Structure formats: structure tokens, C-alpha cells
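Written below as C-alpha cells is the structure these notes are about.
What you are looking at is a predicted structure, and each value in this text was computed from that prediction instead of being measured. Naming: A, B, ... by sequence-line order, numbering from 1 per chain.
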There are 2 protein chains.
Amino acid sequence: MATIKDVAEQAGVSITTVSRVLNNKVKGYMREETGQKVRKVVKELGYIPDPRARSLRGLESGVIGVILPEGINPFYQELAHAITEVCYKERYGLLLCSSENDVKRELSYIKLLQNQKVDGIIISTDHLSAEVINELIKKGTPIVLVDEDVPEANAPAIFANNYQGACLATQYLIDLGHRTMAFIKGPMRALSCRERYKGYCDTLLKSGLKVEEALIEEGGMTYKSGYKTMKSLLQDRDDQFTAIFCSDDFMALGAMRAIQDEGKRIPDDYSIVGFDNVYVSSMSNPGLTTVAQPINQIAGRAFRAIKDWPKRGLTKKRRHQYLNTKLIVRESCRVLEHN
Amino acid sequence: MATIKDVAEQAGVSITTVSRVLNNKVKGYMREETGQKVRKVVKELGYIPDPRARSLRGLESGVIGVILPEGINPFYQELAHAITEVCYKERYGLLLCSSENDVKRELSYIKLLQNQKVDGIIISTDHLSAEVINELIKKGTPIVLVDEDVPEANAPAIFANNYQGACLATQYLIDLGHRTMAFIKGPMRALSCRERYKGYCDTLLKSGLKVEEALIEEGGMTYKSGYKTMKSLLQDRDDQFTAIFCSDDFMALGAMRAIQDEGKRIPDDYSIVGFDNVYVSSMSNPGLTTVAQPINQIAGRAFRAIKDWPKRGLTKKRRHQYLNTKLIVRESCRVLEHN
DNA sequence: CTGAAAGCGCTTACAG
DNA sequence: CTGAAAGCGCTTACAG
């Protein structure tokens, strides 16, 4: 690997000069000719400054860290992939961490990332305290929240507009003619789930429908929990609803399977809508109608938030960005005729 | 962040001494007492040596790179996750790269990883040439191949035993009573696909059955291609086979859907087996019987191969490790009675 | 048994 | 307009 010294020698200048042209600290101070000469040698040698050496001097390391809650969850995998894409385009490295919903592990990863002097951290967590995050920011590590909020944390935060998405789904079912719909919600600890729940309730009420407590169950955002929850709904109240809205695709997929295992059909007997539009939701049978999160936008903005982090000025005011979702209509819902 | 200087001051010794106890260059040369004192301060300050500074001096950076072919493909996502897990346990960072099957991008990532001075690279590729890889190794970057082979590359390589897996699946269908089974193979460019194909053929022949060219089609390892391929098989030769073996789960899932769309049932009308045991294969309806790759083992061994890379001795002889697969029986196959 | 000094590859005041 | 020198946080010969 060529070093700055090699370039300096070849170009017949000092390493200081090389460094200057590399960092564009040149304006008006350097002969055009010198710059050209250096740039030429840089190209010839395929020289790239060592990011470790640069970051030792307090500059960027060219790497960001991403901490996601679950390694096997396709939604987070897709989010990770979206972030990978923007990093690639921006020629950044991406240090991927999966906390497996364990605070200890989150903390341990944060330490690792600090040690590696990443230029910033993108994190989705509902376990970390605001103190930890604010401390981190004070110490100079840019950190941006995605997908899930940490109240009181003074970091920029970027999510899908979960409330709007839930309204979209619920309204869609209402427009189709459904009047009674079950809701399998996610853990109320998570803000995103609370918002989806709220969207469901508000939309029902707005249309003059009742929110039936008996038709609302809480699941654990997994295929299995969706399956089990649906089974019990079918056992106790199978004739009290014609549609189901699930707080995520996996529960929806599990619920579909439960319905089909009971010998009922989708959408003939029950209509169902999911949330997230994970890759596999298009692969169910029938294809699952769902609410798509703007994953690429989230990734892009999160990255920008880190790159545009105020150099060493005051900590900017915390900013929330809610990005709109989109309804993806497939085949899991039907029009309900009233007679 | 505490530095080695802080520790030295607090402990009342030189930074040399601190460095020595940190790196265990101590044996017989240092007073037990000094070591204790230093360790105590290290602990108090929560001091961790800066990996960038260490690696500048030629030591480990504590980060490895992983280059996978497709960011959205759940199989690779699960592999990435498995590697994440071992890295976490070993307190390593993981720089994740997704080449999207593009050589240019692969090369660009390799450059990035070299620049970041990773301790090694785990890569799955069928685009890279052996030259590039051997060059890399010669230059001192440990590199290990997973999942897919690069013939002539002199790197350790770790894969699932695809041949054995295909035999397992085919034999299973034969044992169930099937005598005619279609095969949707993957691109013959990939060694893994060729091995699966070979396993299918050999097992058939071994049982005295014929390999029917007309029942073999090539798909692109995607849900869509599985769907399309199956559709055409059903149109032309629906009565010529009772089972289908697919070179991966996504094609199998697509094929299932195609079968069901034609009004046929699984496993009543057709039995089907996939390959990979991706997370979603348990979520199909019916659950897909498939061949599980030993993903955790692959991840573990790949990591070890990097950690145990011969320090600066001769390049070790290239070693292939084939790890056995396992049949995961779910509900997509049935016994075929003969009369 | 321990420390002062050189050096890894850079950047950035400081000087000229 | 350009360069010599200090320094980022470490490790490792070399000396004592």
C-alpha cells in the first residue's frame, strides 16, 4: 500500500503539500501546477489516505455503526440493507451490530463503536435510556434514532409515520365494507406499536364504528404469536369480525396460517392487512395486503443526519421526522357486501 | 476517553509498562505488583486501547469484513447474522458489504476493507477471479471463501455439503414412494448449484430411476423464477411427475404458489422439497420441507480461519471444508402409494 | 524489572 | 506558495 510519503517523493514535494491537496486546503495558497502534479501521482499510485491515521488526528474514519434490535428479523435486515446501500454510494463502511433486544449488548456495542471511532451511530432501540444517548452526544458521537423513539433523548429521530399507516390500513378495510375488525397489536412498550394502535382506534371512531376491546389482542411481533393469537380469536369470537389488522407482517402471516388451518379462507371468510411490507409478505398465499414503510428514505435521512452533524457547534434542537407510509394492495382483502 | 497516558500517570509508571501489561509481554520480566497496579487503574478508568492506533503499528484492528452477494436475500442475511453473532462473542466488529453480484462493486469493497485494515475478509462470490484473491492473500489480507467456491483460489473455503444435501432430499422423496420428480435447478455457473444438480441425478440413478431431461428446468433462485418455471412445467408436463425438488427455498415457495394457483394441492397433488431452510420456509402454507445449511457452523469456522491465519509463515495449503446438511421435514411432502 | 525514544501514517499550527 | 516539526495513541526495539 502506498503511503503519503511515497506520493510526496514521487511528486517531489513534502508530505505536507500532499496532505493539503488531498484535503483541499489549497484555495489560493498553492500553485495550480503543484496540485496537478500531486493529483497525478496520487492517481498513478492508487493512493488512498489511511482512514485510521486520519481519524487518529481527529478526522472522519469513514465508518458508521448501525445497531438494530434483532438479527434474524427480516424487517431490520431490510433496513440494514437500505443503510448498506447509502453507505456504499457515499463510500462509507458500515459496522453492523445486532443487540438482540438486550441492553447489555447494546451498551457493549456502543462501547465497541466508540472504540472504533465511528463517525456516527444509527440505532433502533426501545431499551436504551435517554441519558445514555445524551451522554454519547455530549461526548461528540453523532447518534440518530430510527424506527423507534427514545423519549427525552436529544437526538434526531427518523421514523415511518406509524399513525398515518394504521389509519390507511383501517380506512381501507372500512371502505371495503368491513364494520367489525379485530386488531392484533404489538407490545405497547414500543411507541411505534402504540401509534399503530391509536391509528386503528381513531379511524374506527371517526367512521362512527366502535372500538371493541374484545377484538383487540396483543402479540409479540412474530409469526408464532400471530398464529396463536388468531387461533384464540377464532375459537372465542369467530363470528364477531370479518377482518383483521395486524401490527406487523409476521403476525399477519401467522394469523393467515391459523385461519387457513381452521379451514377458513382468505379473503373469502376473513380479510387481513399487515404492516411493514417485508419482502416475504408478497410471497404468502394469498399475497398479503400491507402498509409499506419508506425504508430507503429512512436510511437515506439517517445517514444524512450523521453526515450533516453540526461540526462542533451547539447541539442542535432534536428533530423528529415522520415519513409517510403507503398501502400495498395485494390479495388478502375483499369487498364486503351488506344486505 | 481515557488514553494510555492517563493510565500511566494514575498508576505512576511509564506508558511502555502499561502497554506491556496490556499485551501480556510480561512473562518473568515484570514485578507482579506493577502489573496489578496497572490492571487496577485500567479497570477503574474503563480504559480500552484505541484499535486504530494499535493497527497503525501493525496489530489487529478488531474488525473483519464480510462481502455477500445480495443484500435482500434472506439466506445471505441469515448468514450475515450468524457471522455477526460470532463476531459479537469474540468482541470483533463486522464491516458488512453487499456486492449485489457486481464485480466492480466487489472490487470497490475489497479496496474499502483493505483501507480500513480489517483483520480479514469473509466473502461469498462467484464473480471474483482467483488472481484477485491470491493477490490479496499475498499482500497479507486473510481471506476465506464461504458458500461458493472460487476454483484455483488459494484460500480456505467453507461450504455446506451441497451434494450430500441434494442426495438427502432426493432420497427422501424416493423413500416416500415418488418415482418421477421434477428438478428446478439454479444457475450452473455456481458450483453450489452444480453440486445440488449432481446430487439429484446421482441419487436417482442409484435407485434405478431415470434422469428425465424434460423434467429439469433452470431458475434464477428467486420466488418469481420458481413461480414461472413451475407454471410452465405444469402446463406442459403436469402428469409426468409427482414431486419437485428445488435448488433453493425461494424457488420452492414460488413453485408452491404456482401449483396452488392452478388449483392443485400440496402435498396431495404434488410433493415439494426446497433447499437452505431460510427462516420463511417455516412460514409457508403448508410448511416447506427443506434441507438446512449449517449456517452457524459455517460462520464459526470462517471466523476461526481468519483468527488462526498463519502469522507470517508460508501460505498454508488451501483447505476445503464441507459441512453436512440436515433434512427438515415439514408438511410439503406425502407418501405416494403405488398400486 | 522499567523507561525514553523512534515510528506507524497522517494533519495542522507555525515559520519562512 | 511550501516545508519542518509536533502530535494523535499506541508498540517495540534498545538501553540501562
Side-chain angles (χ1 to χ4, degrees), chain A residues 1-39 41-42 45-63 114-119 139-140 311-312, chain B residues 1-39 41-42 45-63 114-119 139-140 311-312:
Chain A
M1 288 256 110
T3 78
I4 196 173
K5 227 157 132 187
D6 302 326
V7 178
E9 272 170 24
Q10 285 250 3
V13 299
S14 73
I15 60 167
T16 307
T17 299
V18 177
S19 174
R20 274 204 270 262
V21 351
L22 253 24
N23 293 287
N24 271 318
K25 311 238 160 162
V26 156
K27 244 190 118 190
Y29 302 112
M30 191 182 289
R31 292 210 335 258
E32 196 32 45
E33 202 188 315
T34 313
Q36 305 248 313
K37 206 167 45 180
V38 171
R39 267 186 292 271
V41 178
V42 165
L45 267 47
Y47 168 70
I48 301 181
D50 186 327
R52 287 155 25 262
R54 299 188 79 226
S55 77
L56 249 196
R57 299 281 351 229
L59 299 203
E60 293 193 330
S61 65
V63 175
Q114 281 188 108
N115 270 297
Q116 294 288 349
K117 302 294 182 297
V118 295
D119 293 336
K139 277 196 181 152
K311 278 305 161 200
R312 43 178 56 239
Chain B
M1 288 258 113
T3 79
I4 197 172
K5 227 156 135 191
D6 302 325
V7 178
E9 271 171 23
Q10 285 250 1
V13 297
S14 73
I15 61 166
T16 307
T17 299
V18 176
S19 173
R20 275 205 268 263
V21 351
L22 252 25
N23 293 286
N24 271 317
K25 310 239 158 160
V26 157
K27 244 189 118 187
Y29 303 110
M30 192 182 289
R31 293 211 333 260
E32 196 32 44
E33 204 187 312
T34 313
Q36 305 249 312
K37 210 166 44 182
V38 171
R39 269 185 293 271
V41 178
V42 165
L45 267 48
Y47 168 70
I48 301 180
D50 186 327
R52 285 158 24 264
R54 300 187 79 226
S55 76
L56 248 196
R57 299 283 349 233
L59 301 201
E60 294 193 327
S61 66
V63 175
Q114 280 187 113
N115 270 298
Q116 293 290 347
K117 302 293 183 294
V118 294
D119 294 337
K139 276 197 182 151
K311 278 304 160 200
R312 43 178 56 240

Separation of atom CD in A/Glu9 from atom P in C/dG9, rounded to whole Å = 12 Å
Does B/Arg52 make a side-chain N or O approach to OP1 or OP2 of D/dC10 shorter than 4.0 Å?
-> no
Any donor-acceptor N/O pair, A/Asp6 side chain to A/Thr3 backbone, under 3.5 Å = yes
Could you say whether A/Asp50 or B/Ser14 is positioned toward the 5' end of DNA chain C, judged by the nucleotide with the nearest heavy atom to each?
-> B/Ser14
D/dA4 pairs with which nucleotide, Watson-Crick or G-U wobble, both distances below 3.5 Å?
-> none
To the nearest angstrom, how far is A/Lys5 atom NZ from C/dG9 atom C1'?
-> 9 Å
Are the side chain of B/Asp119 and the backbone of B/Gly62 linked by a donor-acceptor contact shorter than 3.5 Å?
-> yes
Kindly give the atom pairs (protein nitrogen or oxygen, nucleotide nitrogen or oxygen) under 3.5 Å for nucleotides 12-16 of chain C.
residue, atom, partner, partner atom, Å
C/dT12, OP2, A/Lys25, NZ, 3.3
C/dT12, O4, A/Thr16, OG1, 3.4

Are B/Asp50 and B/Arg54 close enough that some pair of their side-chain heavy atoms sits under 4.5 Å apart?
-> no
Has A/Thr34 got a side-chain N or O lying under 4.0 Å from the OP1 or OP2 atom of D/dT2?
-> yes
Taking a pair to mean Watson-Crick or G-U wobble geometry with both distances below 3.5 Å, D/dA13 pairs with none
Do A/Arg39 and A/Glu32 meet the salt-bridge criterion of a basic N to acidic O distance under 4.0 Å?
-> yes
Taking all heavy atoms of B/Pro49 and all of A/Asn115, pick out the closest pair and write down the distance.
-> O-OD1, 4.1 Å
Nucleotide D/dC1, atom C1' - distance to CD of A/Gln36 in whole Å | 16 Å
Length of the line joining B/Asn115:CG and C/dC10:P, which is rounded to integer Å | 9 Å
Flag, side chain of B/Arg52 to backbone of A/Ser55, donor-acceptor distance under 3.5 Å = yes
Under 4.0 Å between a side-chain N or O of A/Thr17 and OP1 or OP2 of D/dG3?
-> yes
Any side-chain N or O of A/Arg54 under 4.0 Å from OP1/OP2 of C/dT11?
-> yes
Within the distance-only criterion (no hydrogens, no angle test), does the side chain of A/Ser61 pair as donor or acceptor with the backbone N or O of A/Lys117 below 3.5 angstrom?
-> yes
Distance, rounded to the nearest Å, where B/Arg31 contributes CZ and C/dG3 contributes P = 10 Å
From OH of A/Tyr47 across to C1' of C/dT11 the rounded distance in Å is 11 Å
Starting at CG of B/Leu56 and ending at P of C/dG7, how long is that distance when rounded to a whole Å?
-> 15 Å
Whole-Å distance separating the CD atom of B/Glu60 from the P atom of D/dC10 = 16 Å
